[in-house]
Number of protein chains: 2
Amino acid sequence: METLLPKFDSIFSIDCVIFGFDDGELKILLIERNQEPFKDWWALPGYIVEQDESIDHAAERILYELTGLRDIYMDQFYTFGDVNRHPQGRVITVAYYAMIRLNGNKELKPVSNYASKAVWTSVNDLPKLAFDHEKIFSRGFEKIRNKISYQPIAFELLPEKFTLTQLQQLYEVILNKKLDKRNFRKKMLNYGILKELDEKQKGVSYRAAKLYKFDKRKYSKLFHKELTFGK
Amino acid sequence: METLLPKFDSIFSIDCVIFGFDDGELKILLIERNQEPFKDWWALPGYIVEQDESIDHAAERILYELTGLRDIYMDQFYTFGDVNRHPQGRVITVAYYAMIRLNGNKELKPVSNYASKAVWTSVNDLPKLAFDHEKIFSRGFEKIRNKISYQPIAFELLPEKFTLTQLQQLYEVILNKKLDKRNFRKKMLNYGILKELDEKQKGVSYRAAKLYKFDKRKYSKLFHKELTFGK
DNA sequence: AATATAGTGTGTATATTCTACACTAAGTAA
DNA sequence: TTACTTAGTGTAGAATATACACACTATATT
């Protein structure tokens, strides 16, 4: 650790795997780089950490610049520090994942100065990515796949009001397996962390499903009990 | 992420929470600092990452310098990047935990140049630590507490040959709760990842227990199946 | 008005896993 | 030989997980 502080020319950056759920698909936000190295390649959004900001702050800033959103669910998941991961010098990057409620609305306030555009891309259909970003993505995806089984992160991706079918679809795409409808509902409702609303789905051409909300209050009460979803 | 690389004066360090199990107690290795800041305080072992080494390599190097051991089980668990965590400047630190087989033998090849001594200390009896090292320790401990329930990391702390009682004790100190002997043994043996040896414990003044080995080969075969220990 | 369509919503039986619980066996020390 | 200490073992009941299929409802179409 820290001693009398010789100064090195190392750079920190943050990279973000930003998840969204839309159209029954799990997506991440990719940017197209407009600078060398890897000009015109797709990459994870990220940027350099300023001298006087914490890494969490840097992650929030990057997300805000890219999406115009604040108070997003974010979590640091791994730090990548191979010597040659960046062709122009030593860059250590701290990776975060974030969860965004798309609500069918994929508009973003575009876009910082090093990217020409940002696009939501299905995780099943990713292009080649710059740097070691494929590795970073895989690890982030793995992380949420684990986490969804014991933490209520799915609700961060859904609109405030959602149907049980939507919730189940989301579990299915993240866990990459079919779940049984009856068992899923039984288990989910048993936890008692969903509030059933008096409202129904609108604009569908078939029987409308009931809407539910995630009940944070009840969840917090159960919090010490670990919940296991999605098995 | 990475663009044309302005250079900042930031420092990377590595800090290690090094676990050992001895005497029925879970311990970590602390060093006493012989330099400012926090001279004479206890701290987690750590050091600065060199320009031309990966962070994993730095972690291994630090461990080797401190203990003379290589090929230790290590895992990165979190990166601490608050602006003011180091009184003398911006230092971002990547934290690792490591698991060492003490085998009753607590000798270490002492000790690098910034520490006057290194001591194994029970996790239940830690002194105040320098910097934010208490936070780092807590997070690392939490991490192995979770991990032990689905990965066979406990065996990294035990001697090659161990008794089921030793294994259970280790689970108990990490999970911080009593486990039922019969249920523990049933479950553990059921996994089929322990090899029963023809040997028994020696030097005890009561009935000697059978010795077991962790069977890595069998474990790897089951690997995709997630194991859950210790519930 | 009748019908087709598409997704909603529900129960039960079986298998598996978890939990609680207490005594005898074996080896050592005196 | 006896006293002591830990090793080693089974079963019954509760809880949880899994497998599985059909009737209902709202809308769109004719």
Side-chain angles (χ1 to χ4, degrees), chain A residues 21-25 104 148-150 158-159 161-173 175-213 222 225-231, chain B residues 23-25 104 148-150 158-159 161-173 175-213 222 225-231:
Chain A
F21 180 62
D22 186 49
D23 231 348
E25 283 191 304
I148 201 177
S149 296
Y150 60 94
L158 291 172
K161 303 170 181 184
F162 51 85
T163 69
L164 290 178
T165 301
Q166 288 172 327
L167 184 59
Q168 181 177 344
Q169 279 173 349
L170 178 51
Y171 272 86
E172 287 178 341
V173 297
L175 297 172
N176 194 29
K177 64 178 174 194
K178 275 268 165 214
L179 301 173
D180 179 85
K181 183 159 68 159
R182 276 177 292 191
N183 294 336
F184 180 81
R185 286 167 178 239
K186 211 187 315 170
K187 191 166 184 181
M188 198 54 75
L189 293 173
N190 258 345
Y191 285 127
I193 60 173
L194 297 184
K195 189 189 289 175
E196 186 180 325
L197 303 177
D198 273 339
E199 259 173 286
K200 299 203 162 181
Q201 227 178 356
K202 275 175 192 145
V204 290
S205 71
Y206 45 81
R207 177 180 179 181
K210 270 185 238 165
L211 292 172
Y212 291 81
K213 259 178 144 169
L222 299 173
K225 269 184 139 195
E226 276 212 348
L227 306 181
T228 60
F229 299 106
K231 289 271 169 75
Chain B
D23 234 346
E25 284 192 303
I148 201 177
S149 296
Y150 60 94
L158 291 172
K161 301 170 182 182
F162 52 84
T163 69
L164 289 177
T165 301
Q166 288 172 329
L167 183 61
Q168 183 178 343
Q169 278 173 351
L170 178 51
Y171 272 86
E172 287 178 342
V173 297
L175 296 172
N176 193 29
K177 62 177 174 195
K178 275 269 166 212
L179 301 173
D180 179 84
K181 182 159 69 158
R182 278 178 289 194
N183 293 339
F184 180 82
R185 288 157 108 96
K186 211 186 315 168
K187 190 165 184 182
M188 198 53 74
L189 293 173
N190 258 347
Y191 286 126
I193 59 172
L194 297 183
K195 189 190 287 173
E196 185 180 328
L197 303 177
D198 273 339
E199 259 173 286
K200 298 202 163 180
Q201 225 177 358
K202 272 173 197 150
V204 288
S205 71
Y206 45 79
R207 175 178 179 182
K210 270 186 237 163
L211 291 172
Y212 291 81
K213 260 175 138 169
L222 298 173
K225 268 187 139 192
E226 273 211 352
L227 307 182
T228 59
F229 300 104
K231 287 268 171 78

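Please read all numbers here as calculations on a predicted model, not as lab measurements. Excluded from the calculations below are hydrogen atoms, water molecules and symmetry mates; all remaining heavy atoms, backbone and side chain alike, are included. In what follows, chains carry the letters A, B, and so on, assigned in the order in which the sequence lines appear, proteins first and then strands, with residues in each chain numbered from 1.
The CG-C1' distance, from A:L164 to C:dT10, rounds to 12 Å in whole Å.
Taking side-chain N and O atoms only, B:K200 has a distance below 4.0 Å to OP1 or OP2 of C:dG27. Residue A:K210 places no side-chain N or O under 4.0 Å from the OP1 or OP2 atom of C:dT8. For A:T165, no side-chain nitrogen or oxygen approaches OP1 or OP2 of C:dG7 to under 4.0 Å. Taking 4.0 angstrom as the limit, B:K186 places none of its side-chain polar atoms (N or O) nearer than this to OP1 or OP2 of D:dG10.
Proximity of B:F184 to B:E172: side-chain heavy atoms (C-beta onward) are nowhere separated by under 4.5 Å.
Counting only heavy atoms from C-beta on, A:R207 has its side chain closest to C:dG7 among C:dG7, D:dA7, C:dA20. Taking only side-chain atoms of A:R185, from C-beta outward, the nucleotide of D:dA17, C:dT8, D:dT6 with the closest atom is C:dT8.
Map A:A209 and A:N183 each onto its nearest nucleotide of DNA chain C; the residue landing nearer the 5' end is A:A209. Mapping B:D180 and A:K181 onto DNA chain D by nearest heavy atom places B:D180 at the nucleotide closer to the 5' end. Mapping A:R182 and B:S205 onto DNA chain C by nearest heavy atom places A:R182 at the nucleotide closer to the 5' end.
Side-chain N/O atoms of B:N183 and B:K186 include a donor and acceptor closer than 3.5 Å.
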